[in-house]
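Below is one structure, written out as structure tokens, with a few remarks after it.
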Amino acid sequence: MNIALRCLLGLLWFAGALALGANTAQAHPHVWITATSELIYAPDGAITGVRHAWTFDDMFSTYALQGIETKTKGVYSREELGSLAQTNVESLKEFGFFTFARADGKKEKFQEPTDYYLEYKDAALTLHFILPLKTPVKPKELAVEVFDPAFFIDFKFADKNPVKLVGAPAACQMKFQRPNDGTANAQKLGEQNFLSGENSNFGMMFANKITVECP
Amino acid sequence: MSPKAHSGWVRGLTICAGAAFAILMLDSAIHALLAQTPFGGPRPSAEPQVGGIVGWLLSKQSEFYREMSATIRAAKSDGSAVWTLLAISFAYGIFHAAGPGHGKAVISSYLVANQETARRGIVLSFASALMQSLVAVVIVGICAWLLNATAKTMCGAEKAIEVVSYALIAAFGARLVWTKGGGFIRALQAPRPVPAMALAVAAHHDHAGHGHDHHDHDHSHAHAQGHAHVTHHDHEHRHDDHGHDHGHVHDEHCGHSHGPAPSELAGPGGWQRGLGAIFAVGIRPCSGAILVLVFALAQGLFWAGIAATFVMGLGTAITVATIAVIAVSAKDLARRLSGTKEGGGALFMRGVEFGAAGLVLLFGVGLLFGYLAAERVTCF
């Protein structure tokens with residue numbers, strides 16, 4: 001009976017771990033964002049922050065505009081969208097702005113967004129904001145990833161000019177990696193034990209990675 | 001090795017095999033049908049390692065979902081596009097139920113914990129999916145259509161409902177654990193040669209388990225004639241307990257309920273028994289449905305959005321019901337396998353029920369405290 005009991009408890013534990021571990025990673029996107037980003041550098045060559053422009057898909061744009069009062073139907077001015085833009089950036093804080101930066105391997109933090117506003121054009125909303133780094137850094141290698149770990153939002157960078165460096169030292173080299181050719185990420189994830197709940201970084205597979213090397 | 005010890009080994013092995021089988025069944029059901037591995041990916045063109053059914057499921061639901069907005073737009077000028085919309089919604093529902101939420105796990109665990117039939121599982125699945133659709137329509141109908149509230153307000157309502165839903169699941173699970181824990185502990189105590197102990201422990205526990213044991217008592221008799229003496233003795237004991245507590249349990253057929261809710265003590269075949277499960281799961285609407293409804297409303301086709309939501313719910317129900325039936329069948333199979341051996345079978349089944357009850361509790365608590373990510377509410 002002891003063996004049976006131990007076996008049973010073990011199996012139940014296993015089932016529980018599976019259920020918990022697996023449950024964290026199974027979303028499919030409900031929101032699609034087409035992004036462009038600029039990395040902003042100070043005159044001394046330190047990176048100060050990231051400027052994002054995120055265009056939402058038309059279903060989500062319509063959803064977000066629900067209940068927003070306008071003077072002219074179907075036309076939304078920047079002022080009329082002001083409070084929505086504020087809601088957007090405030091909510092994004094919870095998700096770390098879906099922007100993850102590492103300077104020479106060390107995680108960097110961001111401050112509250114500045115210069116944020118929404119724009120409505122061609123039935124789509126675009127959210128513009130600047131994400132300043134807590135402290136400007138001058139790393140040899142900078143990596144910025146944009147993705148939603150829960151994969152509720154699918155980030156796709158624009159086909160044309162997805163990433164720009166603004167005011168970067170001339171010697172800096174930028175590389176941009178889309179998730180589609182991100183074999184490195186996929187491999188990393190494959191090595192993870194999917195039983196452990198912490199490694200539920202499912203969305204990482206779909207990360208957009210910007211790397212800047214400044215010798 | 002004495003013959004007695006030997007038979008203990010055999011019993012242990014049988015139970016293990018049964019348990020392993022049941023869990024493998026459940027697990028493969030969860031993984032194949034629910035598409036829960038982190039290796040799945042929604043981009044058909046990307047990630048060669050996203051293979052097989054899982055990748056296909058995820059890519060399909062993404063596709064269907066994206067087609068919805070275009071189809072609703074098309075329906076504005078061309079009425080026949082509504083049929084396309086319904087078809088897409090149905091397919092989306094079927095595939096989407098594989099994702100988080102929708103209560104597959106909760107409903108399946110509840111069914112397993114509570115010795116429910118497959119038929120009841122189907123009814124529960126459809127009822128909770130229907131309720132989910134209804135809640136989505138009511139939220140958008142009241143907030144967006146009647147009050148023209150902003151997405152932020154609507155989302156706040158959604159979030160509040162979500163918390164209520166998770167708390168209900170947790171409470172529901174806690175009650176199941178309480179109920180099933182009694183049965184499990186009694187089953188653990190059962191084969192020991194000190195009946196007084198068993199009686200003492202049993203007396204502390206709730207009545208629901210007694211009803212349950214009673215039920216199983218009949219069942220095992222039907223299946224296995226050759227009871228060992230010890231087990232038989234134990235059965236009688238429980239039978240006695242049952243008699244003791246009979247004053248508390250008014251309906252012995254429905255021994256599952258514990259707690260004050262009178263609706264839970266419904267008669268045999270009563271709908272109310274699963275009402276808690278339906279409510280806990282169904283009260284939380286699907287974010288996708290809300291988005292589709294608001295979008296349809298903005299296009300002046302709210303009715304098409306409502307139709308799409310209910311068809312989506314129908315698709316969801318089919319998937320959830322399939323999974324629920326698989327879970328119930330797996331348990332039945334396990335019972336038959338373990339039931340051929342004496343005593344241990346009952347312990348095993350009590351253990352499975354206890355475990356399933358624990359899972360419901362885990363799901364509720366995990367969701368409530370954000371350890372488990374269900375489908376995120378679109379709040380930004």
Side-chain angles (χ1 to χ4, degrees), chain A residues 1-5 7-9 11-12 14-16 18-32 57-60 62-68 83-84 87-92 94-95 150-152 154 179-183 186 189-190 192 194 197 199-202 205-206, chain B residues 8-9 11-12 15-16 19-20 23 26-27 30-31 34-43 45-47 49 58 61-62 65-66 68-69 99-100 105 144 148-154 191 287-288 291-292 294-295 298 344 347-348 351 355 358-359 362 366 371-373 375-376 378-380:
Chain A
M1 196 48 62
N2 270 340
I3 309 149
L5 189 61
C7 171
L8 183 70
L9 288 176
L11 283 167
L12 283 174
F14 180 72
L18 264 187
L20 289 179
N23 226 321
T24 45
Q26 39 171 314
H28 81 93
H30 284 67
V31 180
W32 282 263
D57 65 285
D58 70 339
M59 181 117 77
F60 184 78
T62 310
Y63 172 79
L65 287 173
Q66 161 61 38
I68 304 276
S83 70
L84 181 59
T87 308
N88 284 170
V89 291
E90 278 167 8
S91 317
L92 282 169
E94 189 188 330
F95 305 105
F151 205 45
F152 187 84
D154 183 351
N180 291 31
D181 47 50
T183 41
L189 195 87
Q192 288 174 350
F194 70 95
N199 288 332
S200 54
N201 235 346
F202 177 54
M205 254 168 32
F206 309 102
Chain B
W9 267 96
R11 190 197 293 163
I15 290 166
C16 273
I23 282 164
L26 267 176
D27 181 46
I30 285 166
H31 278 264
L34 317 197
Q36 285 185 335
T37 97
F39 307 108
R43 288 161 199 258
S45 59
E47 278 81 32
Q49 84 278 10
L58 280 169
Q61 56 169 330
S62 249
Y65 188 74
R66 290 222 79 171
M68 270 188 230
S69 65
N148 196 27
T150 59
K152 190 185 175 185
T153 313
M154 204 153 45
S287 332
L291 276 167
V292 169
V294 172
F295 187 74
L347 170 64
F348 168 61
L359 273 184
L362 271 179
Y371 180 71
L372 287 182
E375 204 164 69
R376 187 188 302 155
T378 355
C379 276
F380 61 83

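It should be emphasised that the depicted structure is a prediction, and the values quoted were computed from it without experimental measurement. In what follows, chains carry the letters A, B, and so on, assigned in the order in which the sequence lines appear, proteins first and then strands, with residues in each chain numbered from 1.
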(message) Taking every non-hydrogen pair under 4.5 Å, which of B:Met68, B:Met154, B:Arg66 racks up the most with chain A?
(response) B:Arg66
(message) Shorter than 4.5 Å, heavy atoms on both sides: which option in B:Ala298, B:Ala149, B:Gly358 has the most such pairs with chain A?
(response) B:Ala149
Do you know the tightest heavy-atom contact between [X] and [Y]?
X: A:Gln66; Y: B:Asn148; answer: NE2-OD1, 3.1 Å
X: A:Tyr63; Y: B:Ala151; answer: O-CB, 3.3 Å
X: A:Thr62; Y: B:Val294; answer: O-CG1, 4.3 Å
X: B:Ser287; Y: A:His30; answer: C-CD2, 4.3 Å

